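To start, the structure under review is shown below, and the notes come after it.
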Amino acid sequence: MSTRTPHVLVIGAGTGGLCLAHGLRRAGISVAVYERHRTRADGLLGYRVGIGPTGSRALRDCLPPELFRIYLATCARSPRYFNVLTQRMRHTASFPLRPDTDPVDTERSVARMTLRQVLLTGMEDVVHFDRTFTHYDQHDDGTVTAYFADGTSAVGDLLVATDGTHSAVRRQYLPHATVRDAGTVNIATRIPLTAHTRGLLPETVRRGISLIFGTGGVMGVLHVMEFKWDGDGRLKPDVPPADAALLADWPGLRHDPTRDNINLVVWSTARRFPADVLRRRGGELIQVALELTANWHPTLRELLSRADPESALPIRVSTSEPVPPWKSSTVTLLGDAIHTMTPGRGVGANTALRDANLLRRHLVSAVAGEKTLVQAVADYEATMLPYGFARVADSLNRSGTSGDDRMYKPVFGRLALLGARGYFRVTSRVPPLRRKFVDDFYTYRGEED
Ligand SMILES: Cc1cc2nc3c(=O)[nH]c(=O)nc-3n(C[C@H](O)[C@H](O)[C@H](O)COP(=O)(O)OP(=O)(O)OC[C@H]3O[C@@H](n4cnc5c(N)ncnc54)[C@H](O)[C@@H]3O)c2cc1C
């Protein structure tokens with residue numbers, strides 16, 4: 001067994017890759033991350049990501065303690081309710097969530113850009129921007145070389161693909177792995193949070209996660225994102241002193257344009273959208289969302305019409321097919337690169353973080369001499385594949401993010417909608433069912449290995 005400390009190449013500075021890089025560096029394992037974007041502020045989809053206990057636990061385990069505290073301080077105000085609304089903004093159900101007093105066992109709202117800035121903090125010597133991975137070679141001496149589009153290359157002992165849904169590493173390593181269109185399209189928008197837009201929303205919606213079950217197979221999700229800084233990026237007066245001290249010295253805020261907003265995503269089966277929806281942007285895209293939601297409550301339509309056109313983004317929802325186990329080697333994958341899932345259960349980023357933490361633990365065991373590097377990879381993959389693809393299946397089949405869902409069928413759709421609303425109405429009104437729903441919510445979002 002080699003006693004040399006391995007050098008790990010990570011392809012992609014996304015959620016999972018950066019978490020892994022922090023964890024390895026903290027454990028004294030040499031790591032370099034290669035990212036195609038040119039700078040730390042480039043190319044990010046601006047939607048909200050819900051991080052549950054699984055994701056926060058991984059961040060706590062991998063990040064330096066002070067950076068984990070910065071992560072907590074940069075989260076938006078935590079949701080206190082899980083609501084189900086009709087398109088007319090009537091509450092079908094409202095489940096109280098737990099207070100956010102625990103750093104890990106809490107449901108947190110994170111802006112993708114803000115999380116990226118947190119994860120890039122202190123990683124200047126580890127992350128190489130403007131390096132688009134093209135292919136790799138595995139060598140007989142156990143090393144692996146990654147090649148980049150600019151003609152450069154890097155050599156390491158392990159190559160970890162964290163390059164997301166369209167992973168170039170996966171294309172070469174597992175060419176039979178399939179990522180496919182789930183058949184739904186999202187239009188994501190952000191509405192500036194002002195005294196006026198805040199005033200349009202009832203308290204439970206302002207302080208909650210709200211799923212909108214509309215008629216005709218048009219769905220939505222609404223989150224209010226309130227941060228500790230104002231429109232000019234200055235700390236708000238009511239920020240607790242400990243958080244203020246952390247954020248005042250945090251350089252990430254200078255790179256992060258995220259401000260208080262209402263995240264409103266409208267989605268349906270792709271059949272309901274114009275054929276060119278993925279090419280539309282700005283006001284044109286918001287117009288598509290307004291046409292789809294013609295029978296929605298005037299407040300929701302007012303919010304859509306006030307959306308920042310720059311923020312409007314069409315997202316073709318993808319999923320992946322389970323991949324049978326393969327013979328492990330010096331290349332492995334984590335996050336969307338191996339198990340892309342629809343956003344239906346809000347666990348893609350959580351699962352990428354879980355993978356990162358699990359792989360870190362196995363690599364630490366290898367460095368401690370308990371197993372070879374390839375055995376560490378094999379042990380990681382044996383655990384990751386079953387839970388990863390279980391999440392893929394739940395996300396597709398139990399959330400209305402498959403274009404084939406009954407929700408989108410002409411007659412069955414009405415029955416499916418009545419059934420879903422009836423389920424949430426009864427569950428939220430019968431105390432033992434309500435308690436079980438909330439317990440199950442945290443159990444699912446807190447799963448660990
Ligand atoms: C609308 C929407 C809402 C979502 N909401 C949630 C939620 O609430 N909770 C949740 O847990 N998940 C959510 N997700 C899923 C989540 O965003 C992803 O699962 C998560 O970001 C995956 O992380 P990752 O590290 O695997 O990949 P990413 O974060 O996508 O990172 C991949 C990185 O690799 C880089 N890259 C790609 N190709 C190359 C290359 N060739 N060379 C170098 N670099 C490359 C990319 O630029 C990127 O930085 C949502 C997704 C969508 C679409």
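Note that this is a predicted model, so its numbers are computed, not measured. We count residues from 1, following the sequence as given.
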Looking at T162 and I11, would you say the former's side chain and the latter's main chain have a donor-acceptor pair under 3.5 Å?
yes

Going by heavy atoms in the side chains, are T132 and D150 under 4.5 Å from each other?
no

So how far is it from F441 CZ to I209 CD1, rounded to the nearest 0.5 Å?
4.5 Å

Can we call the ring centroids of F129 and Y34 under 6.0 Å apart?
no

Specify the closest pair of heavy atoms between L396 and R180, including all atoms of both residues, with the distance to one decimal.
CD2-NH2, 3.6 Å

Which atom of E381 lies closest to which atom of W326, heavy atoms considered:
OE1-NE1, 3.4 Å

Is it true that a side-chain atom of D243 and a backbone atom of V239 form a donor plus acceptor pair closer than 3.5 Å?
no

For the pair D230 (side chain) and R234 (backbone), establish whether a donor and an acceptor sit closer than 3.5 Å, ignoring hydrogens and angles.
yes

After noting the C-alpha distance and the side-chain angles of V160 and V331, does the key distance pass the side-chain contact (heavy atoms from CB on, under 4.5 Å) rule?
CA-CA 6 Å; V160 186; V331 173; over 6 Å; no

Evaluation steps, side-chain contact (heavy atoms from CB on, under 4.5 Å), between R170 and D336
CA-CA 10 Å; R170 184 191 63 236; D336 282 4; over 6 Å; no

R98 to Y442, cation-pi by 6.0 Å centre distance and 45° axis angle
yes

Is there a salt bridge (charged side-chain N to carboxylate O under 4.0 Å, His left out) between R360 and D355? Walk through the geometry before answering.
CA-CA 8 Å; R360 172 194 66 86; D355 296 348; over 6 Å; no

Please report the interatomic distance CG(L333) to CG(D163), rounded to the nearest 0.5 Å.
8.0 Å

Would you call the rings of Y423 and F437 parallel, tilted or perpendicular, where under 30° means parallel and over 60° means perpendicular?
tilted

Any donor-acceptor pair under 3.5 Å linking the side chain of T184 with the backbone of G403?
no

Taking the six-membered ring of Y408 as reference, does the cationic atom of R271 (NZ for Lys, CZ for Arg) lie under 6.0 Å from its centre and within 45° of its axis?
no

Find out whether P79 and R207 are in side-chain contact, i.e. whether some heavy atom of one side chain is under 4.5 Å from a heavy atom of the other.
no

Are there over 12 heavy-atom neighbours, none belonging to R406, within less than 6.0 Å of that residue's CZ?
no

With a 3.5 Å distance limit and no angle check, can you tell me whether D181 reaches the backbone of G183 through a side-chain donor-acceptor pair?
yes

Please confirm whether the backbone N or O of V392 pairs with a side-chain atom of H339, one donor and one acceptor, at under 3.5 Å?
no

Answer yes or no on whether R131 is positioned over the face of F148, meaning its NZ or CZ is under 6.0 Å from the six-membered ring centre and within 45° of the axis.
yes

Less than 3.5 Å apart, any donor N or O on the side chain of Q138 or S329 sitting next to an acceptor on the other?
yes

Taking all non-hydrogen atoms of both residues into account, name the closest pair between P257 and M113 and its distance.
CD-CG, 4.0 Å

Between the side chains of E35 and R40, is the shortest nitrogen-to-carboxylate-oxygen separation below 4.0 Å, so that they form an ion pair?
no

Could you point out which residue of L211, T342, D394 forms a side-chain contact (heavy atoms from CB on, under 4.5 Å) with S399?
T342

Give the C-alpha distance, both sets of side-chain angles, the deciding distance and a yes or no for side-chain contact (heavy atoms from CB on, under 4.5 Å) between H7 and V31.
CA-CA 6 Å; H7 177 60; V31 56; 5.7 Å; no

Assess the side chains of T39 and D42: does a donor N or O sit below 3.5 Å from an acceptor N or O?
yes

Could you state the interatomic distance from CG (L18) to CD (Q117), rounded to the nearest 0.5 Å?
10.0 Å

Looking at CG of D449 and CG of N357, how far apart are the two atoms once the value is rounded to the nearest 0.5 Å?
8.0 Å

H139 and T145: side-chain donor and acceptor closer than 3.5 Å?
yes

Can you find a heavy atom in the side chain of T15 that is under 4.5 Å from one in the side chain of L115?
yes

Heavy-atom neighbours of R281 CZ exceed 12 at 6.0 Å:
yes

Rounding to 0.5 Å, atoms CD1 (I51) and CG (L72) come to a distance of 11.5 Å

Under 3.5 Å, is there a donor-acceptor pair linking the side chains of S167 and Y173?
no

With side-chain contact (heavy atoms from CB on, under 4.5 Å) as the criterion, how do D61 and F68 come out once you've worked through the C-alpha distance, each side chain's angles and the decisive distance to 0.1 Å?
CA-CA 9 Å; D61 293 353; F68 180 68; over 6 Å; no

Determine whether more than 12 heavy atoms belonging to other residues, nucleotides or ligands lie under 6.0 Å from atom NE2 of H135.
yes

N/O donor-acceptor pair under 3.5 Å between T106 side chain and P103 backbone
no

If you count every heavy atom of other residues, nucleotides or ligands that lies below 6.0 Å from D141 atom CG, does the total exceed 12?
yes

Assess the residue pair R434 and S428 against the criterion (side chain to side chain donor-acceptor pair (under 3.5 Å)); give the C-alpha distance rounded to whole Å, side-chain angles, the decisive distance to 0.1 Å, and a yes or no.
CA-CA 5 Å; R434 186 173 62 226; S428 66; over 6 Å; no

Side chain proximity check, Y136 to V169, heavy atoms < 4.5 angstrom:
yes

So does G446 get a backbone contact from the side chain of R57, meaning a donor-acceptor N/O pair under 3.5 Å?
yes

With a 6.0 Å cut-off on ring centres, are Y380 and H362 close enough?
no

Any salt bridge between K236 and D238, counting N to O under 4.0 Å?
no

T114 side chain to V110 backbone, donor-acceptor under 3.5 Å:
no

Decide, yes or no, whether a salt bridge links D260 with K228 under the criterion of side-chain N to carboxylate O below 4.0 Å.
no

Does some side-chain heavy atom of E447 sit less than 4.5 Å from a side-chain heavy atom of R391?
yes

Under 3.5 Å side-chain donor-acceptor pair for D100 and S78
yes

Does R69 qualify as a cation-pi partner of Y71, given the criterion of NZ or CZ under 6.0 Å from the six-membered ring centre and within 45 degrees of its axis?
no

Do the ring planes of F82 and F95 sit parallel (below 30°), tilted (30 to 60°) or perpendicular (above 60°)?
tilted

Pairwise side-chain contact, P343 with N186, heavy-atom cut-off 4.5 Å (strictly under)
yes

Can you measure from NZ (K436) to OG1 (T443) and round to the nearest 0.5 angstrom?
8.5 Å

Does a side-chain N-to-carboxylate-O contact under 4.0 Å join D379 and K371?
yes

Looking only at side chains, do N350 and T54 share a donor and an acceptor under 3.5 Å apart?
no

Answer yes or no: is there a side-chain heavy-atom contact under 4.5 Å between V317 and V185?
no

Within the side chain of N261, is there an N or O that forms a donor-acceptor pair under 3.5 Å with the backbone of I191?
no

Taking the six-membered ring of Y387, is the NZ or CZ of R354 close enough (under 6.0 Å from the centre) and on axis enough (within 45°)?
yes

Checking side-chain polar atoms at under 3.5 Å, does W267 have a donor or acceptor matched by the opposite partner on T401?
no

Within the 4.5 Å heavy-atom criterion, are L313 and I187 side-chain neighbours or not?
no

